[in-house]
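Scroll down for the structure; my scribbles are underneath it.
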Number of protein chains: 2
Amino acid sequence: MAKKVAVLAVNPVNGAGLFQYLETFFENEIPYKTFAVAEAAQIKTNSGISLQADDVVANLKGKEDEYDALVFACGDAMPKFGENAGSPFNQDMLAVIKTFDDKGKLLIGHCAAALLFDNLGIGKGKRVALHPFIKSVVKGCIGTDEKTVIDGNIYTVQTENAVSLLLPNLLKALK
Amino acid sequence: MAKKVAVLAVNPVNGAGLFQYLETFFENEIPYKTFAVAEAAQIKTNSGISLQADDVVANLKGKEDEYDALVFACGDAMPKFGENAGSPFNQDMLAVIKTFDDKGKLLIGHCAAALLFDNLGIGKGKRVALHPFIKSVVKGCIGTDEKTVIDGNIYTVQTENAVSLLLPNLLKALK
């Protein structure tokens with residue numbers, strides 16, 4: 001049976017990244033549910049389009065066991081993450097990511113995903129793909145210049161422009 | 001000054017295709033407005049996410065002169081297009097596409113876009129990229145196996161998975 005995926009979408013989210021995952025899951029019959037990293041399920045793309053996630057991240061907390069994998073869909077919320085790190089939805093997001101890792105589930109994400117994982121002490125000694133601007137910022141993870149890296153349960157991609165390179169191997173892991 | 005783009009989104013639309021155009025336009029300061037090919041501006045992606053377009057295609061009709069280029073974002077609405085071709089929003093879409101071509105504006109699209117153009121008598125003798133299933137169906141256009149083709153004012157892409165290959169040349173034309 002296909003594994004079930006929880007998809008985190010920050011607000012605003014890069015729609016090109018988010019929907020490359022979602023349309024691929026849809027076409028391959030991988031079950032998924034989207035969670036807005038926000039107070040409400042209606043969020044925006046970087047490009048200004050309103051979209052409706054299935055739920056908010058607060059309601060994923062405590063239900064991590066219902067899923068096998070977590071996707072972090074990055075977006076323009078992240079450059080300002082430092083200013084808003086204390087908000088309940090961001091704290092919920094961090095807790096959820098940590099729980100998925102503690103339980104050995106798959107963690108998937110592009111752009112700043114690896115930095116979030118690193119800040120949580122996830123992926124120590126593991127190689128990651130991440131936005132070139134933050135390559136030198138990660139401490140426990142090993143930043144690379146690669147477009148996409150799979151190391152253990154951590155699936156990372158440099159930017160939304162490389163998500164398509166990860167998808168074939170991600171599908172193998174999820175089917 | 002950057003050219004202004006009208007973006008048609010069918011219902012349901014492939015979100016991966018749609019948002020590769022939109023996020024790229026956003027990041028490159030290309031002005032754009034989205035139009036749902038539907039009765040209402042709220043439509044869905046193939047993957048089931050509700051999103052809000054800026055307007056509906058009926059309100060683009062007669063205002064084509066405000067734009068320099070038209071993107072057709074394909075989706076799962078298209079395999080059923082034949083059943084719904086007579087609906088007002090599909091008739092409006094066809095009229096708008098024809099007007100953009102009559103005025104020599106850029107026509108851009110992936111997957112079944114070239115088939116729509118072909119049915120309207122647009123792009124006669126011009127080479128197009130299109131979904132492999134419909135390569136032999138086009139009559140006036142010349143179907144190819146290429147990922148992306150630019151021929152005159154017609155910019156076509158095989159599927160949403162190749163949109164990124166068109167974008168650099170599309171940006172040159174729009175800036």
Side-chain angles (χ1 to χ4, degrees), chain A residues 5 7-36 40-55 71 73-76 79 110-111 131 147 157-168 171, chain B residues 5 7-36 40-55 71 73-76 79 110-111 131 147 157-168 171:
Chain A
V5 186
V7 180
L8 298 176
V10 296
N11 184 28
V13 66
N14 184 298
L18 173 66
F19 282 101
Q20 283 178 85
Y21 297 111
L22 296 187
E23 298 296 355
T24 299
F25 296 160
F26 168 71
E27 290 166 11
N28 289 275
E29 299 179 352
I30 307 285
Y32 57 90
K33 190 169 171 180
T34 52
F35 295 90
Q42 186 170 317
I43 59 174
K44 285 204 171 195
T45 61
N46 294 355
S47 45
I49 305 294
S50 287
L51 59 85
Q52 186 77 23
D54 296 310
D55 207 337
V71 167
C74 202
D76 280 354
H110 59 276
C111 206
H131 194 290
K147 297 279 189 195
V157 181
Q158 199 174 53
T159 71
E160 60 278 1
N161 299 321
V163 168
S164 63
L165 302 176
L166 176 71
L167 289 169
L171 286 176
Chain B
V5 186
V7 180
L8 298 176
V10 296
N11 184 28
V13 65
N14 184 298
L18 173 65
F19 282 101
Q20 284 179 82
Y21 297 112
L22 296 187
E23 298 296 356
T24 299
F25 295 160
F26 169 70
E27 291 166 11
N28 290 275
E29 299 179 350
I30 307 284
Y32 56 90
K33 190 168 172 181
T34 54
F35 294 90
Q42 187 170 316
I43 58 173
K44 286 205 171 197
T45 61
N46 294 355
S47 46
I49 305 294
S50 287
L51 58 83
Q52 186 77 24
D54 296 308
D55 207 337
V71 167
C74 202
D76 281 356
H110 59 277
C111 208
H131 195 289
K147 298 279 189 196
V157 181
Q158 198 173 55
T159 72
E160 59 278 2
N161 299 321
V163 168
S164 63
L165 302 176
L166 176 70
L167 289 171
L171 286 176

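Numbers restart at 1 for each chain; the letters A, B, ... are given by sequence-line order, proteins then strands. Fair warning: this is a prediction, and the values are worked out from it, not measured in the lab.
Of the residues considered (Q20(A), Q52(A), E23(A), Q42(A)), E23(A) shows the highest number of contacts with chain B, using heavy-atom pairs under 4.5 Å. With chain A as partner, the option from L51(B), N46(B), D54(B) having the largest number of non-hydrogen pairs under 4.5 angstrom is N46(B).
Of the atoms belonging to Y32(A), it is side-chain heavy atoms, and not backbone ones, that fall under 4.5 Å from chain B. Contact of S50(A) with chain B is made through backbone and side chain together, with heavy-atom distances under 4.5 Å. Contacts between N161(B) and chain A at a heavy-atom distance below 4.5 Å are absent for every atom of the residue.
Proximity of L22(A) to T45(B): side-chain heavy atoms (C-beta onward) are nowhere separated by under 4.5 Å. Contact annotation: the side chain of F26(B) never approaches that of I49(A) to less than 4.5 Å [non-hydrogen atoms, C-beta and beyond].
Taking OG1 of T24(A) as the start and CD of E160(B) as the end, the distance is 8.5 Å to the nearest 0.5 Å.
The shortest heavy-atom contact between F19(B) and G15(A) is CB-C, 3.4 Å.
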Item checked: Criterion side chain to side chain contact (heavy atoms under 4.5 Å, CB included) on E27(A) and N14(B), from CA distance to verdict -> CA-CA 11 Å; E27(A) 290 166 11; N14(B) 184 298; 3.6 Å; yes
